[in-house]
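Accompanying notes for the structure given below.
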Amino acid sequence: MAAVDRAGDILAERHDAALRVLAAASSGGLPAILAGLREATKAVPQVRRVASWVVVRAAADGSAAVATALGVGRVWVAERTACVVCTAYAGLVAADGGEFPAGLTFGVRPADRSPVPDPPRHPRCRCRTVPWSDAWAAPDVLPYPRALRREAERSIAKGFALDSEPTSVRVAAAERLLRSGPDLPASVRAFAARAVRDGIFPPVPAGI
Ligand SMILES: [Zn+2]
């Protein structure tokens, strides 16, 4: 079933659940109505998740279609505040029609082991791909995939994350990154080392 069709199912499920709650409420009156409303409004975050998934998938499909038309690969682009799983994919290039590798993460917990066809990597993923060919690299300019990779490592080192991602996950990711000997400026590595020592990152600056 197409993900977009799922939204209609969610609304129908929540509608039925709300009616069941209302019918079972022995006391009736306002408490029963509120209980029914609570069931119904659970549809809002669920539908929002589906909508986000559909938009990200549509963008990825569009990029893949362009890449195929050009006969080139796709490079993975993650948001600066992407999670420890998605940042591990930033800058990776999949061949034309190929998939991204399975199970990558900057985190400690292993990600699932299936190859990744395209974003979204998980619910609420905001990643995308853009067509890429190594032939497009300009002399003396860091190739786009490597620039993306460096920015992703910088995000891990600086703790650029959404509030929804636990601090402990980001601190552990920074610790693993430091152990891997990243090609980052000494000041950024020192910043990450302080965060690992303290077990917390300073707040993410506005606009990140
Ligand atoms: Zn993502």
Side-chain angles (χ1 to χ4, degrees), residues 2-4 6-7 10 44-68 72-132 143-177 180 182 184 188 192 195 201 203-208:
V4 70
R6 183 69 195 118
I10 289 170
V44 175
Q46 292 176 356
V47 170
R48 195 175 281 148
R49 268 201 298 281
V50 170
S52 151
W53 179 279
V54 169
V55 168
V56 171
R57 174 48 52 83
D61 287 350
S63 172
V66 172
T68 296
V72 300
R74 288 123 47 227
V75 61
W76 190 290
V77 182
E79 295 276 308
R80 184 157 286 185
T81 53
C83 69
V84 295
V85 172
C86 288
T87 42
Y89 283 82
L92 288 188
V93 178
D96 180 18
E99 297 188 316
F100 294 90
L104 299 182
T105 177
F106 276 111
V108 175
R109 216 165 56 125
D112 68 60
R113 295 176 194 282
S114 318
V116 183
D118 264 312
R121 184 73 185 83
H122 55 76
R124 294 199 182 86
C125 174
R126 297 160 292 151
C127 295
R128 59 199 168 90
T129 65
V130 296
W132 172 257
Y144 186 45
R146 282 188 48 205
L148 290 169
R149 183 75 196 168
R150 180 182 280 187
E151 282 309 301
E153 291 186 347
R154 181 188 291 269
S155 285
I156 293 292
K158 300 280 264 180
F160 292 158
L162 296 181
D163 289 343
S164 53
E165 196 169 25
T167 300
S168 58
V169 169
R170 296 301 295 217
V171 169
E175 188 171 16
R176 288 188 77 196
L177 174 69
S180 72
L184 288 171
V188 176
F201 284 98
V204 176
I208 291 294

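Every value quoted in this text rests on a predicted model; they were computed, and no experiment measured them. This chain uses plain numbering: 1 for the first residue, then up along the sequence. When a ligand or atom number is given, it counts from 1 through the structure's own listing order.
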- Looking only at heavy atoms, which two atoms of L104 and V85 are closest? And how far apart? O-CG1, 3.8 Å
- Item | Exam field: side chain E165 to backbone V84, donor-acceptor pair closer than 3.5 Å |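 Flag set: sc E165 to bb V84 pair under 3.5 Å.
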- Item | With F100 via ring pair (Phe, Tyr, Trp, His ring centres under 6.0 Å) - residues at least two apart |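 With sequence neighbours excluded, F100 shows a ring pair (Phe, Tyr, Trp, His ring centres under 6.0 Å) to W76, given in chain and number order.
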- Residue C83, metal the Zn ion (ligand 1), N/O/S under 2.8 Å: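 Coordinating: no.
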- Within C125, is some N, O or S atom less than 2.8 Å away from the Zn ion (ligand 1)? yes
- Looking at R154 and E151, does any basic side-chain N land under 4.0 Å from a carboxylate oxygen?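 Yes, R154 and E151 are salt-bridged.
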- Item | Where the Zn ion (ligand 1) is the vertex, angle from C86 SG to C127 SG to 10° | 110°
